Amino acid sequence: MLHRTLVALSLALGASPLTAGDQPAPIGAKVADFTLAEPLSGKPWALNQSARDAKATVIAFTALDCPVCKAYWGRLADLRKRYTDDGVVFVAVNSQLTDSAEEVARAAKDLKLPFPLLKDDGTKLADKLAVSRVLTVVVLDATRTVRYAGRIDDQFAPGVHRDKATTRELAAALDAVLEGREVKKPFTAAAGCKLTREKKPATAAAVSYHQHVAAIFQSKCQECHRAGEVGPFALTSYQQAKGWADMIREVVADGVMPPWHADAPMGHFKNDRRLSAEEKKTLLAWVDAGCPEGDPKNAPAPAQFIDGWRLPQKPDLVLKMNQPFDVPATSLLGMGIPYQHITVGAPLKEDMWVQAAEVRPDYRAVVHHVIVYMVPPGGKLDHNNFARYMVGTYVPGDQPLVYPEGMAKKVPKGSQLMFEVHYTPNGTAGKDQSVLGIVLAKKPPAQEAKGDAALNVRFAIPPGAENYQVTASHTFEKPTTLLSLSPHMHLRGKAFKYELVNKDGTRETLLNVPKYDFNWQLSYALTKPRELPAGSKIECTAWYDNSAKNPFNPNPGKKVTWGDQTWDEMMIGFFEYYDTP
């Protein structure tokens with residue numbers, strides 16, 4: 001079955017540009033006493049008093065909305081339980097400017113943290129320990145000397161969500177400190193969100209938030225970066241944008257955000273999210289000028305969205321999983337949770353024409369992907385042609401399915417809808433009850449949208465292979481109008497190309513993704529649908545990196561074949577089309 005996914009951790013952070021961090025807390029430096037407020041208890045927490053007799057102290061710098069920080073709360077709690085009897089004190093410090101003391105207190109209560117969560121005075125403690133990225137942990141010995149700084153382990157990072165950690169840097173550092181040994185690896189680069197420092201706006205800046213920046217966020221960011229959506233933090237106000245300014249600068253400068261991976265010129269795909277050169281220049285100049293606010297009178301009118309949906313209008317039909325699914329904190333023996341197949345609603349009494357569809361997870365952080373299939377009368381899917389039965393999908397970062405007026409997808413009478421859900425535990429148990437919203441066509445359309453795929457299930461990627469190539473093709477028997485293209489691979493995916501092979505043997509590139517990113521399973525919709533004569537063939541070529549050079553590779557020493565789970569692989573070239581009259 002299909003495994004379309006975006007690792008939940010990446011959530012609008014990007015991937016490799018954020019895995020490197022500046023070295024925090026000079027190793028060997030002594031940390032002076034500090035006192036910070038603990039918002040939940042309302043009492044001050046002082047290092048010299050609260051950790052006076054500690055044999056080691058772990059200070060974890062966090063932010064509430066950073067996905068990497070969220071993923072590690074459970075791990076920190078487990079480590080605290082393991083090392084408390086050995087005299088280790090754990091404390092977390094929130095240095096994120098956008099997180100209020102009230103929000104910090106609420107989070108500590110909701111998470112039931114077994115250690116204090118303090119609120120930094122701005123970023124003063126983070127500045128003192130040279131912390132530039134969260135999550136960063138700093139280990140002090142009994143003399144308050146920094147012995148280790150960096151990540152906890154390698155399980156979670158932007159774009160990385162391993163089933164289990166393969167390193168244990170924090171635990172190894174604590175073991176060494178408690179045993180009086182040298183810490184063999186005193187520093188690792190922290191992977192997570194860039195911590196923004198308070199800025200002093202330039203008085204004569206040429207750009208301002210309200211006049212120049214807000215409109216860019218509205219058109220290119222707020223679809224995801226608003227309350228209730230997939231973006232880990234909102235960008236709908238000046239304070240929010242300023243509070244994440246350094247993070248914004250990093251991902252914009254590196255081209256990570258907004259996510260887009262096709263190398264076609266702008267305008268070729270109608271859903272191209274890239275910033276124009278002028279927009280990019282404006283955003284970078286605004287951050288570099290200290291994030292000047294400007295006059296609110298110059299602000300554009302707020303962007304209008306449908307509450308709870310990214311559809312162009314409220315759905316006519318909403319279908320929810322019959323009951324919540326209990327997602328455990330961890331999967332049994334690291335084997336992953338089998339795909340869940342949940343039938344919803346009754347068989348259709350008449351044909352249904354889907355104009356638009358959006359799938360929304362309930363517990364988004366652990367939902368790997370959701371696909372809603374139309375199960376034909378008789379109750380069986382043709383798994384060799386599963387793409388033809390897809391009604392809607394959830395892949396964070398992609399957009400809802402929306403067809404233009406006069407086009408829709410047919411769900412035949414007698415069919416029943418089925419949710420296929422893949423869950424990936426993240427250390428925190430919870431419940432999910434995903435939902436599907438459908439906008440119905442007012443009448444049977446002139447054009448029936450269809451889906452299919454070129455795929456190859458018979459491949460074996462050798463251990464260590466850096467550029468392994470797999471191909472697949474599909475030939476159109478009828479005249480066809482091509483609408484969109486959606487490549488799909490897993491963690492070893494490196495690049496993907498669609499080529500049109502004409503009947504005379506000539507070739508044309510339809511889509512080239514030179515740097516495939518597993519964390520953003522995007523669809524590419526042609527601005528001008530392409531008419532293809534009968535006999536035309538789409539040939540897809542995929543390249544895989546199964547070497548240790550691939551930072552997302554869970555096991556470079558393993559031969560990799562087709563499979564559902566993240567550590568397996570797939571090779572699918574999805575496309576949508578309609579039969580040309």
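Predicted model, so just to flag it, every value in this text is computed and none were measured.
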(request) In sequence, state the C-alpha distance, the side-chain angles, and the governing distance for Phe269 and Tyr524, and then conclude on ring-ring contact (aromatic ring centres under 6.0 Å, His included). (result) CA-CA 6 Å; Phe269 294 106; Tyr524 301 89; 5.6 Å; yes
(request) Before giving the answer on side-chain contact (heavy atoms from CB on, under 4.5 Å), spell out for Arg360 and Glu229 the whole-Å C-alpha distance, their side-chain angles and the decisive distance to 0.1 Å. (result) CA-CA 9 Å; Arg360 296 181 67 87; Glu229 294 304 326; 3.2 Å; yes
(request) Go through Cys224 and Arg310 one step at a time and tell me if the side-chain contact (heavy atoms from CB on, under 4.5 Å) criterion holds. (result) CA-CA 9 Å; Cys224 294; Arg310 293 192 294 153; 4.0 Å; yes
(request) Verify side-chain contact (heavy atoms from CB on, under 4.5 Å) between His225 and Thr236, making sure each step is shown before the conclusion. (result) CA-CA 8 Å; His225 285 274; Thr236 54; over 6 Å; no
(request) Go through Phe574 and Met390 one step at a time and tell me if the side-chain contact (heavy atoms from CB on, under 4.5 Å) criterion holds. (result) CA-CA 11 Å; Phe574 293 101; Met390 293 163 58; 3.9 Å; yes
(request) Could you walk me through whether Gln565 and His490 pass the side chain to side chain donor-acceptor pair (under 3.5 Å) test, one step at a time? (result) CA-CA 9 Å; Gln565 296 292 341; His490 289 181; over 6 Å; no
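The shortest heavy-atom contact between Ala245 and Cys291 is CB-SG, 3.4 Å. Heavy atoms only, all atoms of each residue included: Pro514 and His261 are closest at CD-O, 3.5 Å. When all heavy atoms of Thr196 and Asp246 are compared, the closest pair comes out as OG1-N, 3.1 Å. In terms of heavy-atom proximity, Gly573 sits nearest to Cys540 at CA-SG, 4.0 Å. Considering all non-hydrogen atoms of both residues, Leu275 and Pro258 come closest at CG-CD, 3.6 Å. For Pro158 against Gly192, the heavy-atom pair with the smallest separation is CD-N, 4.0 Å.
In this structure, Tyr209 and Trp286 have tilted ring planes: the angle between them lies in the 30° to 60° band.
A donor-acceptor pair under 3.5 Å is absent between the side-chain atoms of Gln222 and the main chain of Ser219, judged by distance alone. Formation of a donor-acceptor pair under 3.5 Å by the Asn322 side chain with backbone atoms of Thr343 is found in this model. Within the 3.5 Å criterion, the main-chain N or O of Arg388 finds no donor-acceptor partner in the side chain of Asp452. Here the side chain of Thr527 pairs a donor or acceptor atom with the backbone of Lys270 at under 3.5 angstrom. No donor-acceptor pair closer than 3.5 Å links the side chain of Asn512 to the backbone N or O of Asp263. With hydrogens and angles ignored, the 3.5 Å screen pairs no side-chain donor or acceptor of Ser415 with any backbone N or O of Pro376. Here the side chain of Asn550 pairs a donor or acceptor atom with the backbone of Asp545 at under 3.5 angstrom. A donor-acceptor pair under 3.5 Å is absent between the side-chain atoms of Glu569 and the main chain of Met489, judged by distance alone. A donor-acceptor pair is defined here as one N or O able to donate and one able to accept, closer than 3.5 Å; such a pair exists between the side chain of Gln96 and the backbone of Gly243.
Taken as a pair, Cys69 and Cys193 fail the criterion of an SG-SG distance shorter than 2.5 angstrom.
Judged as a salt bridge (Lys or Arg N to Asp or Glu O under 4.0 Å), the pairs with a partner in residues 570-579 (not counting sequence neighbours) are, in order, Lys409-Glu576, Lys450-Asp579. Among pairs with a residue in residues 274-284, those fulfilling salt bridge (Lys or Arg N to Asp or Glu O under 4.0 Å) read Lys220-Glu279, Asp272-Arg274, at least two apart in sequence or across chains. Contacts classified as salt bridge (Lys or Arg N to Asp or Glu O under 4.0 Å) and involving residues 483-501 (residues at least two apart or in different chains) are given here: Glu499-Arg507. For residues 439-449, every residue pair satisfying the side chain to side chain donor-acceptor pair (under 3.5 Å) rule, not counting sequence neighbours, is listed here: Gln447-Tyr578. Evaluation of the salt bridge (Lys or Arg N to Asp or Glu O under 4.0 Å) test over residues 336-351, restricted to residues two or more places apart or in two chains, returns Asp351-Lys410.
Using a 4.5 Å cut-off on side-chain heavy atoms (C-beta onward), Lys431 and Tyr363 make no contact. With a 4.5 Å cut-off on side-chain heavy atoms, Ile248 and Leu235 count as touching. Within the 4.5 Å cutoff, the side chain of Leu283 has heavy atoms near those of the Val213 side chain. Considering only heavy atoms from C-beta on, Pro554 stays 4.5 Å or farther from Thr566 through its side chain. Under the 4.5 Å side-chain criterion, counting only non-hydrogen atoms from C-beta, Tyr498 is not in contact with Leu482. Contact check for Met374 versus Leu348: no side-chain heavy atoms found under the 4.5 Å cut-off. In this structure, His341 and Tyr373 have side chains that are not in contact, with every pair of non-hydrogen atoms separated by 4.5 Å or more. Using a 4.5 Å cut-off on side-chain heavy atoms (C-beta onward), Tyr423 and Phe325 make contact.
For Asp307, the CG atom is loosely surrounded, since the number of other residues' heavy atoms within 6.0 Å does not exceed 12. Applying the 6.0 Å contact sphere to CD of Gln323 captures no more than 12 heavy atoms from other residues, nucleotides or ligands.
Rounding to the nearest 0.5 Å places CG of Leu510 at 7.5 Å from CG of Leu526. Atom-to-atom distance recorded for Phe476:CZ and Thr481:OG1 is 10.0 Å, nearest 0.5 angstrom. Rounded to the nearest 0.5 angstrom, Phe419 CZ and Ser434 OG are separated by 6.5 Å. Atoms CG and OG, on Leu64 and Ser100 in that order, are 8.0 Å from each other to the nearest 0.5 Å. Considering CG of Leu522 and CD of Gln399, their distance stands at 8.0 Å, rounded to 0.5 Å. Note that CG of Leu195 is 7.0 Å distant from CG of Leu97, once rounded to the nearest 0.5 Å.
Not less than 6.0 angstrom separates the ring centroid of His212 from the ring centroid of His210. Between His368 and Tyr339, a ring centre-to-centre spacing not shorter than 6.0 Å is recorded. Separation of the Phe496 and Tyr516 ring centroids does not fall under the 6.0 Å cut-off.
For Asn298, the side chain to side chain contact (heavy atoms under 4.5 Å, CB included) partners are Gln211, Asp295, not counting sequence neighbours.
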